[in-house]
Amino acid sequence: MDKKKITNMEVKRKNRNDVFRYICRQGTVSNPDISYALKLSLPTATQITKELIEKGLVEEKGELQSTGGRRAKALAVSDSAGQAVGLDITKNHISLVLTDLGGSILKYKRIYHPFAVEDNYYVEVNRKLEHFLEEGGFKRENILGIGVSFPGIIDLKEKMIADSHILGVKSLPFAYVSRFFSYPCHFLNDANAGAYAEGRRPESPERFFYLSLSNTVGGAFYRNGELEQGKNFRCGEVGHMTIVPDGEKCYCGKRGCLDAYCCAKRLADAADGKLESFFKKLEQWEKEAVNIWDSYTSCLATAVNNIHMVLDCDIVLGGYVGSCMGERIRDVRDKVSERNTFGEESAFIKLCGHKTEAAALGASLKVIETFMEQV
């Protein structure tokens, strides 16, 4: 009898969770819409939305246009149901994003703020975050939490940033960072965050590898709504796979890593540190830029082909370079096609849909997902 009771409760919770997700995703819906889309009886759908209204998560917003017969009540997520903050920490910047429960970006800002291993750094980040919210007129009581994106290995079991070469951090407990903020904090790796944002796009494939080409190179494997973490939470760390034995030195101390050849800095350094300027030089066929791009894409194509051979899935190019690449993706596709053993078309290589805000957005979406699971 207890087993049946638990099962019924779990089914009811799942249905409520599915209905709330559906409303968040669709924007404005009716009970008949919910009933049809989720294959629930109309009385069940109506009862669930009634519960969500009582919880303050959903509200009636007028009536929908009639399609014949009585007009259905329009249901939408309540304006006060909550928002989530995404904070992406890099070596020289922080990015802040605020999203609603549907995942729409309400506000985004990127701020120059060099990382430092000291309390004052986090004190200042918190001050900038509060100003960011205040500036947008958002209520603090509506903030569900902060998703914090770090470049490095995030150990979810031990609850710490296990290793971030680029920031010079090892074994940093989540609790140490969380204590500087007034909201619950959720932590994830920057490439995982970018992949998570990409995977939530309606047009994204169910299974793909996200290659983050920023000032560090990282990656993440996304499958059926989840991120593969790996035994030691290092799944997708392709930035440190060797592509040139005994090659150029990487910031990690090893030689020949993909990061040493395909980080965004390799391109930006040829244009006074500005990646966008490099691509403008490339458009004008400046010889130096063309030569650097040829070398860069050769290394990138080697890595992309290797990843594809192992995983046999779409490869999404993200990060700073993926955001700026545009039509130049054909250069990568052409070189991968030359290497591909099976002669398949290289359309499996795609550009990211989310640009420089991807990691911050993905971090905020993780907060929303955690909240959804508790509805």
Side-chain angles (χ1 to χ4, degrees), residues 1-84 86 98-106 139 141-145 147 184 186 195-208 222-228 353-354 361-362 364-375:
M1 188 170 180
D2 287 342
K3 186 176 181 180
K4 186 174 185 298
K5 183 178 180 182
I6 292 171
T7 301
N8 288 339
M9 287 175 64
E10 287 298 314
V11 169
K12 185 176 180 181
R13 180 172 181 172
K14 181 182 182 302
N15 287 340
R16 184 170 63 243
N17 194 283
D18 288 346
V19 168
F20 187 56
R21 287 175 188 273
Y22 180 76
I23 297 172
C24 289
R25 191 167 58 246
Q26 297 298 319
T28 303
V29 296
S30 67
N31 281 318
D33 291 334
I34 296 168
S35 173
Y36 178 79
L38 301 181
K39 296 180 173 57
L40 299 172
S41 69
L42 184 56
T44 297
T46 303
Q47 177 59 36
I48 291 173
T49 56
K50 181 183 176 183
E51 293 174 7
L52 292 173
I53 289 170
E54 290 172 353
K55 287 175 174 282
L57 299 175
V58 171
E59 57 187 31
E60 294 179 1
K61 295 191 175 181
E63 297 177 331
L64 296 174
Q65 188 174 355
S66 176
T67 55
R70 186 176 178 181
R71 291 196 294 180
K73 292 178 179 178
L75 301 169
V77 176
S78 172
D79 294 335
S80 61
Q83 293 103 29
L98 185 74
T99 56
D100 62 20
L101 291 181
S104 297
I105 296 176
L106 303 176
K139 297 179 179 178
E141 58 267 27
N142 289 343
I143 304 302
L144 301 171
H186 308 261
Y196 200 75
E198 198 67 30
R200 286 299 187 266
R201 297 174 66 232
E203 60 271 35
S204 288
E206 291 186 356
R207 184 172 177 272
F208 65 87
Y222 184 95
R223 181 172 60 178
N224 300 324
E226 298 292 336
L227 291 163
E228 290 286 339
H354 292 295
L361 174 60
S364 72
L365 293 178
K366 193 61 179 175
V367 175
I368 292 171
E369 178 62 26
T370 302
F371 175 73
M372 294 281 191
E373 290 170 356
Q374 299 168 356
V375 169

K.L.:
Go through the steps for Thr46 and Ile34 under the test side-chain contact (heavy atoms from CB on, under 4.5 Å), then give the verdict.
P.N.:
CA-CA 9 Å; Thr46 303; Ile34 296 168; over 6 Å; no
K.L.:
If you apply the rule salt bridge (Lys or Arg N to Asp or Glu O under 4.0 Å), what do you find for Glu373 with Lys14, and how did you get there?
P.N.:
CA-CA 9 Å; Glu373 290 170 356; Lys14 181 182 182 302; over 6 Å; no
K.L.:
Using modelled atom types and a 3.5 Å cut-off, is there a donor and acceptor pairing between side-chain atoms of Arg200 and backbone atoms of Gly362?
P.N.:
no
K.L.:
Side-chain contact test, heavy atoms from C-beta onward, threshold under 4.5 Å: evaluate it for Cys24 versus Leu101 and give yes or no.
P.N.:
yes
K.L.:
Starting at CD of Gln26, measure out to OG1 of Thr28 and round the result to the nearest 0.5 Å.
P.N.:
10.0 Å
K.L.:
Quick one: does Thr49's side chain have a donor or acceptor within less than 3.5 Å of a partner on Ala45's backbone?
P.N.:
yes
K.L.:
Considering residues at least two apart in sequence or located in another chain, which fulfil the salt bridge (Lys or Arg N to Asp or Glu O under 4.0 Å) criterion with Lys55?
P.N.:
none
K.L.:
Is NZ or CZ of Arg16 both nearer than 6.0 Å to the six-membered ring centre of Phe20 and within 45° of the ring axis?
P.N.:
no
K.L.:
Should we count CD of Glu141 as having more than 12 external heavy atoms under 6.0 Å?
P.N.:
yes
K.L.:
From Glu59 CD over to Ser80 OG, what is the distance, rounded to the nearest 0.5 angstrom?
P.N.:
6.5 Å
K.L.:
CG/Leu64 to CG/Asp33 distance, rounded to the nearest 0.5 angstrom?
P.N.:
6.5 Å
K.L.:
Hey, are the side chains of Asn142 and Lys139 touching, using non-hydrogen atoms and a 4.5 Å cut-off?
P.N.:
yes
K.L.:
Go through the structure and list residues passing salt bridge (Lys or Arg N to Asp or Glu O under 4.0 Å) with Arg223, not counting sequence neighbours.
P.N.:
Glu228
K.L.:
Evaluate side-chain contact (heavy atoms from CB on, under 4.5 Å) for Gln83 paired with Thr99, printing each intermediate quantity in order.
P.N.:
CA-CA 6 Å; Gln83 293 103 29; Thr99 56; over 6 Å; no
K.L.:
Does some side-chain heavy atom of Glu206 sit less than 4.5 Å from a side-chain heavy atom of Tyr222?
P.N.:
no
K.L.:
Could you pull out the closest heavy-atom pair between Ala72 and Ser30, with the gap in Å?
P.N.:
CB-CB, 3.6 Å
K.L.:
Atom CD1 of Ile105 and atom CG of Leu98: how far apart are they, to the nearest 0.5 Å?
P.N.:
10.0 Å
K.L.:
Check whether the side chains of Arg21 and Asn17 place a donor and an acceptor atom closer than 3.5 Å, and report yes or no.
P.N.:
yes
K.L.:
Verify salt bridge (Lys or Arg N to Asp or Glu O under 4.0 Å) between Lys73 and Glu63, making sure each step is shown before the conclusion.
P.N.:
CA-CA 4 Å; Lys73 292 178 179 178; Glu63 297 177 331; over 6 Å; no
K.L.:
Measure the shortest side-chain to side-chain distance between Asp79 and Lys61 over non-hydrogen atoms and say whether it is less than 4.5 angstrom.
P.N.:
yes
K.L.:
To the nearest 0.5 angstrom, please state how far the CD1 atom of Ile53 sits from the CD atom of Glu51.
P.N.:
10.5 Å
K.L.:
Say you draw a straight line from CD of Glu198 to CG of Leu361; how long is it, rounded to the nearest 0.5 Å?
P.N.:
9.5 Å
K.L.:
Leu365 and Gly103: which non-hydrogen atoms are nearest, and at how many Å?
P.N.:
CD2-CA, 3.7 Å
K.L.:
Please name all residues satisfying salt bridge (Lys or Arg N to Asp or Glu O under 4.0 Å) with Asp100, sequence neighbours left out, ordered by chain then number.
P.N.:
none
K.L.:
Tell me whether Ser364 contacts the main-chain N or O of Ala84 through its side chain, where contact means a donor paired with an acceptor under 3.5 Å.
P.N.:
no
K.L.:
With heavy-atom distances below 4.5 Å as the criterion, would you say the side chains of His186 and Thr370 are in contact?
P.N.:
yes
K.L.:
Would a distance-only check, ignoring hydrogens and angles, find a side-chain to backbone donor-acceptor pair under 3.5 Å from Ser35 to Asn31?
P.N.:
no
K.L.:
Using the rule given for salt bridge (Lys or Arg N to Asp or Glu O under 4.0 Å), can you reason through Lys39 versus Asp18, listing the C-alpha separation, both sets of side-chain angles and the distance that settles it, and then say yes or no?
P.N.:
CA-CA 11 Å; Lys39 296 180 173 57; Asp18 288 346; over 6 Å; no
